[in-house]
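Remarks on the structure that follows.
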Amino acid sequence: MTVRVRFSPAPTGYLHVGSARSALFNWMYARKTGGAFVLRIEDTDADRSQPQLVEAIRESLRWLGIDWDEEYRQSDRFDRYREVVEKLVADGRAYYCDNTPEEIKARVGEHGGYDGYSRDRGLGPGEGRVVRFRTPDDGTTAWDDVIRGRVEFDNADMDDFVIVRSSGVPMFHVANAYDDLDMGITHVVRGEDLVNATPRVLLLREAMGATEHPVYAHLPLIVNEQRKKLSKRRDDVAVGDYRSRGYLPEAFRNYLLTLGWGPKDDVEIRPIEELVERFDLVDINKAPAFFDVKKLDHFNGEYIRMLDLDTFVEQSAPYAIGPDGTPVDADLYRSLAPGVQERVRRYEEVPALLGWVVGPPPETPGKEWRKVMNKDLVPEVLDAVVARLAEGPWTPEHLGSVVMGVGDELGTRSQLPVRMAVTGSRAGLPLFEPMAALDRDEVLRRLRDARGRL
RNA sequence: GCCCCCAUCGUUCAGCGGCCUAGGACGCCUGCCUUUCACGCAGGUAACACGGGUUCAAAUCCCGUUGGGGGUGCCA
């Protein structure tokens with residue numbers, strides 16, 4: 001039997017970290033087994049689904065290198081769902097119900113939820129009527145989850161849930177159950193927040209005549225520092241945001257994979273092919289995992305440093321800009337790039353490294369400034385450097401020998417105060433090459449300004 | 001409230017009854033390299049939630065406690 005998995009997002013928001021991880025694990029499994037990966041847009045809720053978000057989701061998946069073999073949209077399939085629902089009604093497995101939300105609230109059954117009042121009233125379709133699935137009153141519904149082991153629910157705890165809205169539009173459970181059946185999905189890999197939906201879908205499948213069920217694998221949730229499920233509201237989770245902040249898709253994908261799973265040989269950062277080869281659903285962890293941006297940054301830094309120089313320059317060039325957006329000269333950037341490459345963990349860090357080359361240096365926090373500039377001999381260093389830089393060749397080599405020479409003569413570290421004066425920071429790129437790219441007057445002005453502030 | 005689930009360093013993955021005086025990675029700390037920072041290299045810090053069983057032997061199996069999470073929609 002060939003494996004068929006699916007990723008089924010609802011287009012109610014941008015692709016976020018949690019869904020991306022679900023998509024990724026499905027994709028990994030399909031690629032590992034040579035199976036098919038189906039993208040199914042679950043847009044049955046017309047009020048909340050936004051068509052333009054479908055393209056945004058597809059775009060984020062593509063960015064992550066997650067490609068799909070088939071694509072469907074549930075809104076194209078309403079007729080099919082209505083047809084199976086009619087069959088369910090005819091078979092006595094579902095029924096029309098005219099109870100209003102207020103009435104439902106009053107009608108709470110023994111186990112909570114709707115008490116099934118309309119079950120045998122023989123209602124037909126009509127204005128304001130929904131279709132409910134008639135859940136069994138006893139017995140249990142269970143499955144062997146690849147990740148969690150056996151999970152069991154008492155049918156008595158499930159109320160007769162709505163499967164078709166009063167608007168006539170089918171809902172999640174039917175659409176999902178029918179599509180998995182119709183599309184021959186063999187493995188359902190999704191977030192743990194969906195476990196409670198599984199018995200309902202299983203019951204629905206049986207009512208639709210299914211004799212076999214897919215293998216279910218419920219992924220542990222990705223949580224924030226409060227250990228709560230990542231939420232679009234509270235947390236910074238849109239995949240697109242990571243993209244624009246300068247994370248590499250390979251790094252992001254690789255990091256995502258280490259949440260809930262890891263290769264047995266402990267080598268975490270490696271080509272996707274090797275990860276696919278070692279991946280298996282049964283090895284996925286049960287406990288929720290915290291999305292640790294610090295570790296993501298480390299992964300991203302590693303991936304950035306693995307890039308060949310041309311690729312790095314090409315990808316990071318848009319970030320080589322000053323405070324007002326002025327781009328750094330392309331040739332200059334290229335010559336500076338090796339130094340940039342080993343210093344950034346995200347491309348968005350690039351401007352801080354060389355914005356001072358095309359714009360004013362950033363305002364240095366007073367504490368930082370004093371730490372460097374309140375040292376002995378700083379005035380002497382700055383005075384000497386200003387004096388000796390007034391003329392002479394304007395090359396990195398000469399700047400270096402002047403600054404270092406002053407330090408040698410005065411027996412102090414001369415680079416730090418000069419760096420602080422010129423770049424506004426005590427940390428950064430090797431100083432003299434970018435410094436030589438500034439005008440002599442500009443450098444002298446910055447040095448004198450700093451001297452004046454002492 | 002009711003239903004379902006989870007529990008190893010601060011974080012993450014490993015460990016599926018003896019190889020564990022618990023390993024890797026991130027973070028953090030120290031040192032080396034270096035007249036900045038970073039990279040790199042060498043070290044270090046730090047965990048089996050608790051209580052009962054089972055067993056010759058438990059981080060590993062069972063039960064309970066505690067703590068945490070998910071769900072409980074005419075959302076998916």
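Letters go in sequence order (proteins before strands), and every chain restarts at 1. Heavy-atom basis, side chains included; hydrogens, waters and symmetry copies ignored. Please read these numbers as outputs of a predicted model, since none were measured by experiment.
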(message) Quiz question: by atom type and distance under 3.5 Å, do the side chains of A/D179 and A/Y72 form a donor-acceptor pair?
(response) no
(request) Confirm from the modelled atom types if A/R419 and B/U36 form a donor-acceptor pair under 3.5 Å, side chain to base only. (result) yes
(message) If you only use heavy atoms from C-beta on, which nucleotide in B/C6, B/C74, B/A76 is closest to the side chain of A/P288?
(response) B/C6
(request) Kindly point out which of B/A76, B/U36, B/A25 is positioned nearest to the side chain of A/E268? (result) B/A25
(request) Among the candidates B/G40, B/A76, B/C37, find the nucleotide nearest to the side-chain atoms of A/R305. (result) B/G40
(request) Using only side-chain N and O atoms of A/R165, determine if any of them is under 4.0 Å from OP1 or OP2 of B/A76. (result) yes
(request) Remember a base hit wins even if backbone is also touched, and classify A/L296 as base, sugar-phosphate or nothing at under 4.0 Å, heavy atoms. (result) nothing
(request) Output the residues of residues 354-386 of chain A in contact with RNA chain B, where contact means a heavy atom of the residue under 4.0 Å from an atom of the strand; sort by number or write none. (result) none
(message) At less than 3.5 Å, do the side-chain atoms of A/R48 and the base atoms of B/C75 form a donor-acceptor pair?
(response) yes
(message) Assess, by modelled atom type and distance only, whether the side chains of A/T140 and A/N155 contain a donor and an acceptor separated by less than 3.5 Å.
(response) no
(request) Give one of base, sugar-phosphate or nothing for A/E349, where a contact means two heavy atoms less than 4.0 Å apart. (result) nothing
(request) Please say whether the positively charged group of A/R150, taken as NZ for Lys or CZ for Arg, lies over the ring of A/W143, i.e. under 6.0 angstrom from the six-membered ring centre and within 45 degrees of the axis. (result) no
(message) As a test of understanding, state which of A/T198, A/V146, A/I147 forms a side-chain contact (heavy atoms from CB on, under 4.5 Å) with A/Y216.
(response) A/T198
(request) Just call it for A/D408: base, sugar-phosphate, or nothing, with non-hydrogen atoms closer than 4.0 Å on any strand. (result) base
(message) Checking base pairs now: Watson-Crick or wobble, both atom distances under 3.5 Å. What partners B/A25?
(response) B/U11
(request) Scan every strand shown for a Watson-Crick or G-U wobble partner of B/C61, both distances under 3.5 Å, and answer none if you come up empty. (result) B/G53
(message) Let's see if you can work this out: which of B/U35, B/G24, B/G27 has an atom nearest to the side-chain heavy atoms of A/S414?
(response) B/U35
(message) Measuring from the side chain of A/H298 (C-beta onward, heavy atoms only), which nucleotide among B/G40, B/G27, B/G69 has the closest atom?
(response) B/G27
(message) For a quick check, tell me whether the side chain of A/R343 and the base of B/C37 share a donor-acceptor pair closer than 3.5 Å.
(response) yes
(message) So, OP1 or OP2 of B/G27: does either fall under 4.0 Å of a side-chain N or O from A/R345?
(response) yes
(request) Please say whether the positively charged group of A/R132, taken as NZ for Lys or CZ for Arg, lies over the ring of A/F161, i.e. under 6.0 angstrom from the six-membered ring centre and within 45 degrees of the axis. (result) no
